[in-house]
S.K.: 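Below you'll find the structure I mean.
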Amino acid sequence: MLALNADRFVGKPLSDNLNDANNQIWYGQMSNGDYIIGIFNRDDNSKSVEVKFADLGINGTYNVRDLWKHTDEGAATSLTAKISARGCKIVKLTK
């Protein structure tokens, strides 16, 4: 997470509409070409979310690393996560 700050990373939401569920999915690209995806849950209940990388303009298979848990999650073309109430998941995608 500190590397994001050092890189001056700025993500953007999939939707600018605060009432749209896609507003809780943020993404962006670091200066080295890696991608960051953040899934946020502002609801009072946990929920499952799937994000297809292609829907973000990110094509191909990427290695997924959870930045909070410091764990590698393997190679994928999408991300499915159960997000706890008021929780988030932030991952880095690398080739």
Side-chain angles (χ1 to χ4, degrees):
M1 295 301 294
L2 293 175
L4 299 180
N5 188 43
D7 192 64
R8 298 184 182 210
F9 173 80
V10 177
K12 62 181 178 179
L14 236 127
S15 170
D16 290 330
N17 179 347
L18 291 176
N19 297 317
D20 185 345
N22 284 333
N23 181 264
Q24 297 182 65
I25 300 170
W26 288 58
Y27 68 101
Q29 192 169 21
M30 296 181 66
S31 62
N32 68 357
D34 293 346
Y35 290 96
I36 304 297
I37 298 174
I39 303 171
F40 301 90
N41 181 3
R42 294 189 297 254
D43 299 334
D44 292 327
N45 299 307
S46 64
K47 66 179 179 180
S48 292
V49 179
E50 180 182 15
V51 178
K52 296 177 183 172
F53 301 160
D55 291 345
L56 306 175
I58 303 170
N59 297 307
T61 301
Y62 286 81
N63 296 312
V64 179
R65 180 163 180 84
D66 187 308
L67 296 182
W68 283 121
K69 294 180 181 178
H70 304 283
T71 57
D72 294 323
E73 298 185 352
T77 59
S78 66
L79 174 67
T80 302
K82 184 169 185 173
I83 311 296
S84 61
R86 308 290 177 187
C88 70
K89 181 175 183 83
I90 301 176
V91 299
K92 178 171 69 170
L93 307 179
T94 59
K95 276 292 187 182

S.K.: Crowded around Lys95 NZ? As in, over 12 foreign heavy atoms under 6.0 Å?
M.R.: yes
S.K.: Using side-chain heavy atoms (C-beta onward) and a distance below 4.5 Å, is Thr94 in contact with Lys92?
M.R.: yes
S.K.: Which heavy atom of Asn23 sits nearest to which heavy atom of Asp16, and what is that distance?
M.R.: ND2-C, 4.0 Å
S.K.: State, yes or no, whether a side-chain contact exists between Val51 and Ile39 at a heavy-atom distance under 4.5 Å.
M.R.: yes
S.K.: Return each pair, listed once, that meets side-chain hydrogen bond (donor to acceptor under 3.5 Å, both in side chains) where at least one residue sits in residues 53-64; pairs must be two or more places apart or across chains.
M.R.: none
S.K.: OG1/Thr71 to CZ/Arg65 distance, rounded to the nearest 0.5 angstrom?
M.R.: 6.5 Å
S.K.: Under 4.5 Å between side-chain heavy atoms, counting indirect links through other Ile/Leu/Val/Met/Phe/Trp/Tyr residues: same cluster for Leu56 and Tyr35 or not?
M.R.: yes
S.K.: Answer yes or no: is there a donor N or O on one side and an acceptor on the other, between the side chain of Glu50 and the main chain of Leu79, under 3.5 Å?
M.R.: no
S.K.: Of all heavy-atom pairs between Gly60 and Phe53, which one has the smallest distance, and what is that distance?
M.R.: O-CD1, 4.3 Å
S.K.: Restricting to side-chain hydrogen bond (donor to acceptor under 3.5 Å, both in side chains), what partner residues turn up for Ser31, sequence neighbours left out?
M.R.: Asp7
S.K.: Taking only residues two or more places apart in sequence or in another chain, which ones pass side chain to side chain contact (heavy atoms under 4.5 Å, CB included) with Asn32?
M.R.: Met30, Asp34
S.K.: Enumerate the side-chain hydrogen bond (donor to acceptor under 3.5 Å, both in side chains) contacts for residues 74-87, please, sequence neighbours excluded, ordered by first and then second residue.
M.R.: Asp44-Arg86
S.K.: Please report the closest heavy-atom contact between Cys88 and Phe40, naming both atoms and the distance.
M.R.: CB-CD2, 3.5 Å
S.K.: Would you please name every residue forming a side-chain hydrogen bond (donor to acceptor under 3.5 Å, both in side chains) with Lys89, sequence neighbours left out?
M.R.: Asp66, Glu73
S.K.: Can you list, by chain and residue number, the hydrophobic cluster partners of Leu18 when the side-chain cut-off is 4.5 Å?
M.R.: none
S.K.: Between CD1 of Ile58 and NZ of Lys52, what distance do you get to the nearest 0.5 Å?
M.R.: 14.5 Å
S.K.: Report the distance from atom CZ of Arg42 to atom CD1 of Ile83, rounding to the nearest 0.5 Å.
M.R.: 13.0 Å
S.K.: Using the test salt bridge (charged side-chain N to carboxylate O under 4.0 Å, His left out), find all partners of Lys69 that sit at least two apart in sequence or belong to another chain.
M.R.: none
S.K.: Kindly say whether Asn45 contributes a backbone atom to a donor-acceptor pair with the side chain of Asn41 at under 3.5 angstrom?
M.R.: yes
S.K.: Quick one: list whatever passes side chain to side chain contact (heavy atoms under 4.5 Å, CB included) with Asn22, sequence neighbours left out.
M.R.: Leu14, Ser15, Asp20, Ile25
S.K.: Does a side-chain heavy-atom distance below 4.5 Å link Ile36 with Ile90?
M.R.: yes
S.K.: Give the cluster check for Ile37 versus Leu67: same hydrophobic cluster or not, with ILVMFWY residues linked at side-chain heavy-atom distances below 4.5 Å.
M.R.: no
